[in-house]
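Worksheet for the structure shown next.
Whatever order the structure lists them in is the order used to number ligands and atoms, beginning at 1.
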Amino acid sequence: MAARLSRKGSDRPSCEPLVGAVIVKDDRVVGRGFAGQQRATPAAILALDEAGPLAARATLYTNIDPCYDAVEMDACISHLVSAGLDRVVVGITSGLPGSNDLVNRSTFDRIASAGIEVVTGVCERECRELNEAYLKHSRTGLPFVTVKFAQSLDGRIATSTGDSQWISGPSSLRLAHRLRRDHDAIMVGIGTVIADDPRLTVRLVNGRDPLRIIIDTRLRIPITARVLAEGAAHRTLIVTTEMAHPRKIDEMKDLGADVLIAPYEARQSGVDLQELLAELGRRSIASVLVEGGAGIITSLIGAGSVDRLVVAVAPKIIGRGIEAIGELGITSLGDAITFSSYKTHRMGPDIIFDGRMARAGY
Ligand SMILES: NC(=O)c1ccc[n+]([C@@H]2O[C@H](COP(=O)([O-])OP(=O)(O)OC[C@H]3O[C@@H](n4cnc5c(N)ncnc54)[C@H](OP(=O)(O)O)[C@@H]3O)[C@@H](O)[C@H]2O)c1
């Protein structure tokens, strides 16, 4: 329940943790709170305030270290200790390296030395996935990267003429819009902009539009592209290189888009995507949804920069067409890219694969 409650704060950027807190006394919920519910008040304090005197001898449940969302963690822990709780049950401990780790350890030491029982690691996987973008960004400085595409049974994301709308069914499209809403930024290559002219906004569900990022080495983007004309233009970042014509850069800026000149990466014959991800992390963009196309997806997977892969597999066969993922230089099955965990489910006619890549070590 605490994990579910924390999601109510998910309209905030991913560089802020999702925290939910629930207080239970005699099998009854007596207090609730989530980060973002009331300005900077921590979830645990909101729950304690709602519980009032009922917090005495009660249990506090929270998905991540209690008071993790507090500006003044010390004061928050003091408040928690003095409320007279019996037990604190925690999903994951943030375990951040460096000074935050000390804060983390002393948090639990202080709670335990006040005679409160501490239980950690409950619903751990669910709680870790909930804050995966936040945890990766705070540990590595890099955004969490989700790649999402729709493919036919034979692994094509478009026909040989580039037609891709729509491979998957309407329910999978809604899933795509939910994913957009849940990420800080959405990224596509210039090939996709030219082929599909997408808007890259959130329309089929309620929620904020992410920053739109277009990867375009030489600024081939048409000035009539919908990513420039629809939605807030300043929410579009065009990433190019020194090869772009200065006049086209000015035109993009005049249309209200931001332009970032990134280094050229010869092996990928384009923008240095690893350098770009580091820059996005520095700009507090903690989660990026990559929606294609094949070129950008292949470069990112090949470089080991992808954390999560979501594929909608439609019951269709296309034959020759554009393959979802191109050359990765893998010649032995032992070198195939694998997943640490994944789930599959049906969505209308499609099968959704949702997996976490095996090598993410943060
Ligand atoms: N089914 C789906 O879910 C789905 C989703 C999206 C797209 N699509 C389809 O995919 C097709 C487009 O695929 P695509 O491969 O041409 O498009 P893309 O990945 O969107 O764009 C590729 C282009 O991006 C530029 N680029 C710049 N830096 C790069 C880098 N480091 N690595 C790779 N590319 C880089 C290159 O062009 P420059 O050198 O000119 O910069 C490259 O040709 C379309 O037919 C579209 O309909 C399908």
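Inclusion of G162 in the set of residues having an N or O under 3.5 Å from an N or O of ligand 1 is warranted. Residue I297 has no nitrogen or oxygen atom sitting less than 3.5 Å from a nitrogen or oxygen atom of ligand 1, judged on distance alone. Inclusion of G293 in the set of residues having an N or O under 3.5 Å from an N or O of ligand 1 is warranted. Residue G191 has at least one N or O atom closer than 3.5 Å to an N or O atom of ligand 1. Close N/O approach between V188 and ligand 1 is not found [any backbone or side-chain N/O within under 3.5 Å]. Considering backbone and side-chain N/O atoms, G189 comes within less than 3.5 Å of an N/O atom of ligand 1.
Heavy atoms of L273 found under 4.0 angstrom from ligand 1 belong exclusively to the side chain. With a heavy-atom cut-off of 4.0 Å, A294 touches ligand 1 through backbone and side chain alike. Contacts of V193 with ligand 1, taken as heavy-atom pairs under 4.0 Å, are absent altogether.
Ion pairing between a basic and an acidic side chain is recognised when a charged N comes within 4.0 Å of a carboxylate O; R128 and E124 show such pairing. Ion pairing of K343 with D354 is absent here, as no side-chain N (NZ or NE/NH1/NH2) approaches a carboxylate O to less than 4.0 Å. The pair E275-R282 counts as a salt bridge, with a side-chain nitrogen and a carboxylate oxygen less than 4.0 angstrom apart.
Ligand-side atoms of ligand 1 in range of R218: 38 (P), 39 (O), 40 (O), range being under 4.0 angstrom from any heavy atom. Atoms of ligand 1 lying under 4.0 Å from any heavy atom of I215, numbered from 1 in the order shown and given with element: 27 (C), 28 (N). Taking every non-hydrogen atom of S299 and a distance limit under 4.0 Å, the qualifying atoms of ligand 1 come out as 30 (C), 31 (N), 32 (N), 33 (C). Interface of I322 with ligand 1, defined as ligand atoms under 4.0 Å from a residue heavy atom, comprises 11 (C), 45 (O). Each of the atoms 44 (C), 45 (O) of ligand 1 lies under 4.0 Å from some heavy atom of A195. Atoms of ligand 1 lying under 4.0 Å from at least one heavy atom of A158, given by number and element, are 45 (O). Ligand 1 places these atoms under 4.0 Å from at least one heavy atom of F149: 3 (O). Taking every non-hydrogen atom of Q268 and a distance limit under 4.0 Å, the qualifying atoms of ligand 1 come out as 30 (C), 31 (N), 32 (N).
There is no side-chain donor-acceptor pair under 3.5 Å between D163 and T161. When only modelled atom types and interatomic distance are considered, D216 and T240 share no side-chain donor-acceptor pair under 3.5 Å. Neither side chain, R181 nor S10, offers a donor N or O lying under 3.5 Å from an acceptor on the other. A donor-acceptor contact closer than 3.5 angstrom links the side chains of D350 and S172. Remark: the T201 side chain and the R203 side chain contain an N/O donor-acceptor pair separated by less than 3.5 Å. A donor and an acceptor atom, one from each side chain of H137 and S14, are nowhere located under 3.5 Å apart. Between S340 and R356, the side chains place no donor N or O within less than 3.5 Å of an acceptor N or O (distance only, hydrogens not considered). E327 and T298 are not linked by any side-chain donor-acceptor pair at a separation below 3.5 angstrom, with hydrogens and angles left out of the test.
For the pair L276 and L260, the minimum side-chain heavy-atom distance is below 4.5 Å.
The nearest heavy-atom contact from the protein to atom 27 (C) of ligand 1 is T217 OG1, 3.2 Å. When hydrogens are left out, the protein atom nearest atom 34 (N) of ligand 1 is I296 CD1, 3.6 Å; that is the closest non-hydrogen contact. For atom 28 (N) of ligand 1, the closest non-hydrogen atom of the protein is V271 N, 2.9 Å. If you check which protein heavy atom lies closest to atom 7 (C) of ligand 1, you get T192 OG1, 3.3 Å. Distance from atom 40 (O) of ligand 1 to its nearest protein heavy atom, with residue and atom name: R220 NE, 2.7 Å.
Here Y134 contributes atom OH and I64 contributes atom CD1; the two are 6.5 Å apart, rounded to the nearest 0.5 Å. Note: C123 SG to I92 CD1 = 11.5 Å, rounded to the nearest 0.5 Å. Distance check: T192 OG1 to I297 CD1 gives 7.5 Å after rounding to the nearest 0.5 Å.
At a distance under 4.0 Å, no protein heavy atom can be found next to atom 42 (C) of ligand 1.
Distances from atom 1 (N) of ligand 1 to the heavy atoms of S164, A150, G295 put A150 nearest. Taking each of I157, D196, I190, D163 in turn, the one with a heavy atom nearest to atom 23 (C) of ligand 1 proves to be I190.
The shell of residues lying under 4.0 angstrom from ligand 1, judged by heavy atoms, includes E291.
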